[in-house]
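The structure presented is a predicted model; accordingly, all values stated were derived computationally and were not measured. For ligands, and for the atoms within them, numbers begin at 1 and follow the listed sequence.
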Amino acid sequence: MTLFLGTFLDTPDDPFAGGALRTVADGALLVLDGAIVERGAADALRSSHPQEEVVDLTGGLVLPGFVDTHVHFPQVRMIGALGMPLLEWLERSALPEEARLADAAYAGEVATELLTGLISAGTTTALVFGAHFPAAVDELFTRASEVGLRMTSGLVVSDRILRTDLLCSPQTAYDEGLALAKRWHGVGRNRYAVIPRFSLSCTEDLLDSCSALLDEVDGSWFTSHINENLAEVAAVCGLFEACEDYLTSYHRHRLVGTRSIFAHNVHATSAELELLGGLGAGIAHCPTSNAALGSGMFPLREHVQHGVQVALGSDVGAGTGFSLFKEGLQAYFFQQLLGERGLALTPPHLLHLATAAGARMLGLAEEVGDFSEGKQFDALWLRPGEGTPLDVGLRHAGGPGEALGKAFALGTTADVARVYIAGEPVAGAR
Ligand SMILES: [Zn+2]
């Protein structure tokens, strides 16, 4: 067994439902075979387990490993292409790069870059939008398995609108998706997701084939985009016959349920929110992407009111990096700027959105998301360099809650000193 010492912060009780931040300063977690078997004060656990190996993570904060619910594998090299709205950004920046992943060797390099980006940011679980090419998706699963990331991903499919080298037929989408799922779904920490790019680039037949694949692969997940940009929403509603809103284009193909996660939903109608809440689907909120593309300000209050699950996503490469500290801060900014229409967020809300909310949305709440006994020890150690503003802030914080606010205001990937998945340190962190 291993005894991890540090200041542990987590949110097992949902702050959106009145739950408080849980903190153990000078605490300890006893970990056996990757799982937390006991937690308490450092002094007490050290004296009751004097023989166990000790890992000292004191100084700074220990947080549950981050859960990124929306990040694009092929877009690592596209981060920072600023100044364009969604559809222009896709055509000029993202899609030409996505096409380069037809070369499996190129895709392998990008997969390594993606995993380095995720792990070094403290992300230990991710729902990853894959590539349009099966060999590239194989590269991604292979490398994620080597690193040990808890990854849900799959082949991205489209059969209209996009450049032709990114298109496939409904039958090919099904066949190639099934073959990938057979190779990777449930293997190690990997799970398969069915991923039409967005209904704008998918015919009714393709969405039907996605639905069939979802039925065929037991325990598979579904993810796509929705209501990101007003021009996109108008185009979708123009393409689908008798389609009153964007969500209907998925729902009429049985693609909305408890295992469905849609990115963005910035421009949701109340009918859509009601349906999402009623069917238990989740939304990946990607604040830096929404700001960078000028997509809009996320109506968080309306989502919470309708009982729609929400968690954070980096949306690399429209998002401006892998850090969920930055996404949390931008989420906070948006709600402040929305004034009375916003939902004022506190540091525990931000931690919850970056950890337990994503774990729950991905059906992993029994395994990860907080430091309760029985959960896997997935964690990041936020330990800034001495004398940096974050270090100064943490040392002078009035308590763990105040320290958490400083972590989201000032924390960057460079401040993540170590990352653990199932109790094991992950290579790639600093
Ligand atoms: Zn996206």
query = Mind checking whether the Zn ion (ligand 1) has an N, O or S of Asp315 under 2.8 Å?
reply = yes

ask   = Relative to each other, are the rings of Phe129 and His72 parallel, tilted or perpendicular (30° and 60° limits)?
value = tilted

Atom nearest to the Zn ion (ligand 1) - His225, N, O or S atoms considered = NE2

key: Geometric class of the Phe377/Tyr420 ring pair [parallel <30°, tilted 30-60°, perpendicular >60°]   = tilted

request  = Give a yes or no on whether Arg160 atom CZ has more than 12 heavy-atom contacts from other residues, nucleotides or ligands under 6.0 Å away.
outcome  = yes

inquiry  = Taking 2.8 Å as the cut-off, does Cys286 contribute an N, O or S atom near the Zn ion (ligand 1), distance below it?
reply    = no

inquiry  = Nearest 10°: the angle subtended at the Zn ion (ligand 1) by His72 NE2 and His70 NE2?
reply    = 100°

task = Determine whether the side chains of Ser145 and Thr142 contain a donor N or O and an acceptor N or O closer than 3.5 Å.
result = no

